[in-house]
Each structure stands twice: as structure tokens, then as C-alpha cells.
Amino acid sequence: MSGIPSSLIPALAGLLLTLASPAALSQRASSPEQSLSLGQAIDLGLRQSWDVRIARTEVREAKVQQSSNMHLWFPRLKVTGNLLLWNKALPFEIPPMDFSGLTMPPGCELFGSYSHCFGAFLEAFDLGVIRERFTAQATVQLVQPLTPLYSVYQLGRVGRLGERMAQAKQVQTESQVRYEVTEAYLQAYQARVFDGIMKEAEELVRAHEERVAKLLQEEMVRRAEQLKVQVKLAEVRQNRLKTAAAVELSLANLARVLSLPIHTPLALTERFPDPPPPYAHSLDGCIERALRNRQELLMVKLGQEQARAGRAAARWQLVPTVAAVAQFEANHGMGTIMPKTAFFVGGVLEWEFQWGKKWKDADLLTLKLRRAELLERKAREGIPLEVKKHYLDLGVARASLGVARAAVKSAEEALRIQVKRFELQAGSNTEVLDAQMELTKSRASYSSALYQYYIAEAALERAMGGSR
């Protein structure tokens with residue numbers, strides 16, 4: 001009987017080769033042990049966990065996204081400019097025209113011909129160069145959307161809700177990591193206790209071997225009885241090697257959960273009450289706490305609010321877009337026709353028809369909202385059953401402790417009786433060995449029941465969405 005829990009057996013052989021390698025042994029020998037209570041292990045796991053780091057990064061991403069959305073409230077500023085060198089300047093020129101046969105307008109007879117009269121007019125109003133060879137322009141435009149601000153407001157709501165969803169996901173991830181660390185810590189602790197039980201079993205068999213050897217010297221038993229005890233002692237020592245390997249394996253697994261190198265020496269300092277104190281909460285209290293604290297419900301509710309905000313923003317896009325506009329221009333080298341500077345303010349209206357697409361987009365968000373509502377109802381129906389299951393598992397684990405404790409007492413008494421009967425030559429050597437193995441088995445069963453209780457308690461805490 002090995003006493004090794006089934007959860008520690010997979011991959012044992014492969015890990016043993018790794019843990020027993022010279023490099024691993026040298027590393028463990030040269031590194032000081034790191035003492036860890038359960039609380040310290042949880043804190044370390046929360047700091048080191050990749051999943052928690054990713055969740056925290058997602059929270060920061062959501063905050064940056066929300067900060068980016070806030071800038072949509074401000075006017076859009078657009079600055080453009082150009083600096084050009086043309087091949088030549090562009091003067092104001094009117095090509096020669098034939099005015100023969102045209103009647104002189106009144107008042108032009110003094111100037112002679114019509115051509116002479118028009119030329120005099122151009123000389124009086126010389127426009128000079130329309131465009132110089134070197135030109136420069138600069139434009140500053142300020143646009144403040146007015147009607148889209150409602151959509152911006154709804155977009156801000158979506159961003160804030162997204163940030164809260166990221167925070168809820170982080171809390172959920174931390175709860176999962178807390179449970180995984182607790183489970184790995186308890187498994188490592190249990191493996192160490194198993195190793196101690198097997199050490200006690202070896203001492204029991206060795207003590208019986210000395211008892212048989214003494215009786216053999218007095219020729220009160222046969223040599224075959226001593227050989228039988230020696231075979232059982234070898235079997236127990238072999239099982240001790242397995243439990244020692246299980247300790248190494250479970251500590252390596254704990255280091256992995258803590259995101260440490262698997263060869264990190266760890267010393268577990270937590271002391272778990274034996275027997276554990278009674279659980280203080282009722283089933284109804286646990287269900288109420290779960291419905292209040294489970295992050296899944298919160299994320300579903302936030303998803304509903306996001307769908308509502310998105311639907312409102314989509315429907316508002318059906319409204320014409322109205323914006324205020326202000327623009328300033330500066331020109332150089334554009335001649336006398338274009339002003340050096342110009343400024344205007346005004347408003348623009350834009351109404352784009354997409355033949356029902358925006359309305360259908362809003363309908364799609366309505367369906368997503370309905371789906372989120374159904375998910376919430378499903379979760380509210382499933383969570384109480386999940387909590388009840390873990391609560392009943394905890395009760396079964398506590399009841400199993402009582403049965404296992406009684407089995408240990410019975411096995412201890414049975415061993416005492418068999419040893420006494422053997423010393424009085426009223427019982428057999430086999431009966432003593434069987435009683436010893438039964439005691440070891442019952443102690444291992446009790447240890448397993450004890451730490452399964454604490455694991456069940458941690459699972460119930462996780463089902464309630466809380467932390468201890």
C-alpha cells in the first residue's frame with residue numbers, strides 16, 4: 001500500500017528522472033529553502049501568475065481606450081499648408097482684341113477709338129501679377145460636431161463598462177489562481193504527511209522485525225517468519241521511495257503554479273487545524289454570497305449595459321449630422337485678387353442615407369442584449385446548483401473525516417491486540433503485519449480525507465466568487 005493520492009501519480013516516473021539528475025540535485029543543494037505559508041504562497045502566486053498579469057494588462061488597455069474616447073468631445077483641429085515654387089509668375093494679361101465695327105459708348109468719344117478707350121481703362125485699373133512665382137498658403141480649420149456628441153457620450157459609456165468588465169475578469173482570474181495555489185499547496189502538504197506516515201510504517205515493521213529476531217534467538221519462531229517480516233520491510237521501504245518522490249513532484253508542481261523554477265526548494269510552514277473547525281456559513285448564505293459576488297453575473301450585466309449604449313448610439317446615427325466650423329486662411333504670392341488673410345465661421349449639415357443599415361445595426365444590438373439577458377438568467381439558475389454541490393461535498397468530506405478517524409483508532413487497537421497476542425504466541429506473524437499495514441492504510445485515508453476537506457472548502461469559496 002503506497003498511500004499516494006491518484007492526482008500525484010501521473011508523470012511521476014518522468015519527473016523523477018529530472019529531479020534526480022545531478023544538475024537538479026546540485027541546484028537544490030546550493031539554494032536555500034524558501035519558507036511559505038499558504039497566505040504567502042497565494043500572494044506570491046497572484047504576483048507571479050501570467051494569467052493575472054495578462055488580466056491586469058487588459059485593465060490598463062481598457063483605461064487607455066477610455067481615455068482615448070474622451071478626446072472625441074473636443075473639436076477636431078486640422079492644419080494644412082503648402083510652399084510652392086512655380087516655373088514662372090502669372091501676370092494679369094488680356095490678349096489683343098479687334099474692336100473695329102463696334103459702336104463707341106457715350107462718353108468715350110474723347111478718347112478716340114474703342115480700343116483706345118478700353119486700354120485706358122486697363123491702365124487705370126492695373127491688376128498686376130495674379131500669381132507670383134513663389135506662393136505659400138496655410139489653413140487652420142476647427143470643426144466641432146454637435147449632434148454626434150450623443151453618440152460620443154454612449155461610446156464613453158461603452159468604454160467605461162469595458163473597463164469594469166476587464167476589472168471583473170481580473171478578479172475572476174485572481175480567484176482561480178488563488179484556488180489553484182491553494183490546491184497545489186494542500187497536495188504538497190498532503191504528500192509530505194503521507195511520507196511521514198510511511199516513515200512511521202517503516203518504524204513499525206522494523207520494530208516488529210527486532211521482536212521477531214529476538215524470538216528467533218529464543219527459538220520461539222521459525223526463520224521463515226523473520227524472512228516474511230524482512231520482505232514486508234523491503235516493500236514498505238520501496239513505498240517510502242515513492243512517497244518521497246511524490247513530495248518532490250508535488251513541490252515541483254507548487255513551484256510551477258507559483259511561476260517559479262520547478263527545482264526551487266520550498267518549505268511549507270502552514271499548520272492546518274486537525275480536526276478543522278466547523279464551517280460557519282449556511283447553504284442559503286453561501287448561495288446569496290455567490291449571487292452577489294460571482295464575476296460572471298457582473299460581466300453579463302455589464303455586457304447588457306454595453307449593448308444598450310451601443311444600440312442608442314447606432315439609432316442616433318440616423319439623425320442628420322450638424323457641426324460648427326471655423327476656418328482661418330493665410331495666403332502669400334496669390335496676387336491682388338486673393339486676400340492675404342481670410343476667416344469664416346458657420347455650420348454644416350450632413351445627412352447620409354444607408355437604406356436601413358444603421359437601423360438594422362441597432363436591431364442586431366437589441367438581439368445581443370436579449371442574449372445577454374438570457375445568459376444572466378441561465379447563470380442565476382446554474383450558480384445555486386454549483387454552490388450546493390460544493391457545499392454538500394464539504395459536508396461529505398467532514399463526515400468522511402469522522403469515519404476515517406474512527407478507522408484509525410480501531411486499527412491502532414487492533415495492532416495493539418495482535419502484537420500482544422504474538423508476544424503470547426497466540427497470534428501469527430502475518431496477523432501483526434496485516435494489522436500494521438491496516439493501520440498505515442487508515443492513517444493515509446484519514447490524511448487524505450483531511451486535506452480533501454480543505455480542498456473542498458477552497459472549491460466552495462471559489463464557487464462563491466470570494467477570497468479568503
Side-chain angles (χ1 to χ4, degrees), residues 4-12 15 18-19 28 31-59 167-195 246-274 276-277 279 281 286 289-290 293-296 386-387 390-391 393-394 397 447-468:
I4 303 175
S6 58
S7 59
L8 297 177
I9 294 177
L12 179 60
L15 186 62
T18 303
L19 295 173
R28 290 198 297 274
S31 302
E33 284 191 335
Q34 182 174 349
S35 299
L36 282 178
S37 65
L38 178 57
Q40 290 171 335
I42 291 174
D43 291 340
L44 180 60
L46 292 175
R47 289 197 307 270
Q48 297 280 97
S49 169
W50 293 110
D51 292 335
V52 173
R53 293 181 189 181
I54 292 171
R56 290 172 179 170
T57 302
E58 290 176 351
V59 171
Q167 292 171 345
K169 183 179 178 182
Q170 177 184 337
V171 173
Q172 185 182 39
T173 303
E174 290 175 350
S175 177
Q176 178 64 25
V177 170
R178 190 177 289 109
Y179 171 76
E180 291 175 356
V181 172
T182 301
E183 184 181 38
Y185 192 98
L186 285 167
Q187 288 177 346
Y189 201 96
Q190 181 182 0
R192 192 177 67 177
V193 172
F194 278 170
D195 188 54
V247 172
E248 290 280 357
L249 174 62
S250 60
L251 289 175
N253 180 60
L254 176 59
R256 179 193 62 83
V257 173
L258 298 177
S259 298
L260 298 173
I262 63 172
H263 301 305
T264 303
L266 299 175
L268 309 185
T269 61
E270 189 72 24
R271 294 295 178 266
F272 296 96
D274 182 12
Y279 195 69
H281 304 289
C286 292
R289 178 181 166 187
N293 293 342
R294 284 285 286 264
Q295 298 302 307
E296 297 95 319
E386 180 185 354
V387 173
H390 289 293
Y391 192 88
D393 288 344
L394 187 65
S447 175
S448 177
L450 176 64
Y451 296 106
Q452 286 302 315
Y453 173 86
Y454 282 111
I455 291 177
E457 189 176 34
L460 178 58
E461 287 292 327
R462 180 185 59 171
M464 291 188 292
S467 60
R468 302 199 63 180

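Everything numeric in this text was worked out from a predicted model, so none of it was measured. All values below come from the heavy atoms of this structure, side chains included, with hydrogens, waters and symmetry mates left out.
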Is there side-chain contact between Glu296 and Gln172, with heavy atoms separated by less than 4.5 Å? yes

Glu33 side chain to Pro265 backbone, donor-acceptor under 3.5 Å: no

Run the salt bridge (Lys or Arg N to Asp or Glu O under 4.0 Å) check on Glu461 and Arg289 step by step: do they pass? CA-CA 10 Å; Glu461 287 292 327; Arg289 178 181 166 187; 3.0 Å; yes

Which atom of Gln187 lies closest to which atom of Asn253, heavy atoms considered: OE1-ND2, 4.0 Å

Which heavy-atom pair separates Pro277 from Tyr454 by the least distance, and what is that distance? CD-OH, 4.4 Å

Nearest heavy atoms of Gly45 and Val181, plus distance in Å: CA-CG2, 4.2 Å

Does a side-chain heavy-atom distance below 4.5 Å link Cys286 with Tyr279? yes

Contact summary for Ala463 and Arg294, nearest pair of heavy atoms: O-NH1, 2.7 Å

Which residue pairs pass the salt bridge (Lys or Arg N to Asp or Glu O under 4.0 Å) test with at least one member in residues 39-57, sequence neighbours excluded? Arg56-Glu174

Less than 4.5 Å apart, any side-chain heavy atom of Val193 and any of Tyr451? yes

Taking the side chain as C-beta and beyond, is there a heavy-atom pair between Thr182 and Ile455 under 4.5 Å? no

So, do Gln170 and Glu58 sit near enough that their side-chain heavy atoms are less than 4.5 Å apart? no

Check: Val171 main-chain N/O paired with Ser175 side-chain donor or acceptor under 3.5 Å: no

Met464 and Asn293, any side-chain heavy atoms less than 4.5 Å apart: no

Classify the angle between the aromatic ring planes of Tyr185 and Phe272 as parallel (below 30°), tilted (30 to 60°) or perpendicular (above 60°). perpendicular

Contacts of Gln40 meeting side chain to side chain contact (heavy atoms under 4.5 Å, CB included) (sequence neighbours excluded), chain-then-number -> Leu36, Ser37

With the side chain counted from C-beta on, respond yes when Ser448 and Gln190 share a heavy-atom pair under 4.5 Å apart, and no when they do not. yes

The test is side-chain contact (heavy atoms from CB on, under 4.5 Å); show your working for Leu38 and Leu186 and say whether it passes. CA-CA 9 Å; Leu38 178 57; Leu186 285 167; 5.8 Å; no

Close side-chain approach of Thr264 to Gln34, heavy-atom, < 4.5 Å: yes

Determine, for Arg178 against Glu183, whether the closest basic-nitrogen to carboxylate-oxygen distance falls under 4.0 angstrom. no

Looking only at non-hydrogen atoms, find the nearest pair between Pro261 and Ala255 and report the distance. O-CB, 3.5 Å

Nearest 0.5 angstrom please: Leu254 CG to Leu260 CG, how far? 8.0 Å

Hey, is the main chain of Thr269 close enough, under 3.5 Å, to the side chain of Tyr189 for a donor-acceptor pair? no

Looking only at non-hydrogen atoms, find the nearest pair between Leu450 and Pro273 and report the distance. CD1-O, 4.0 Å

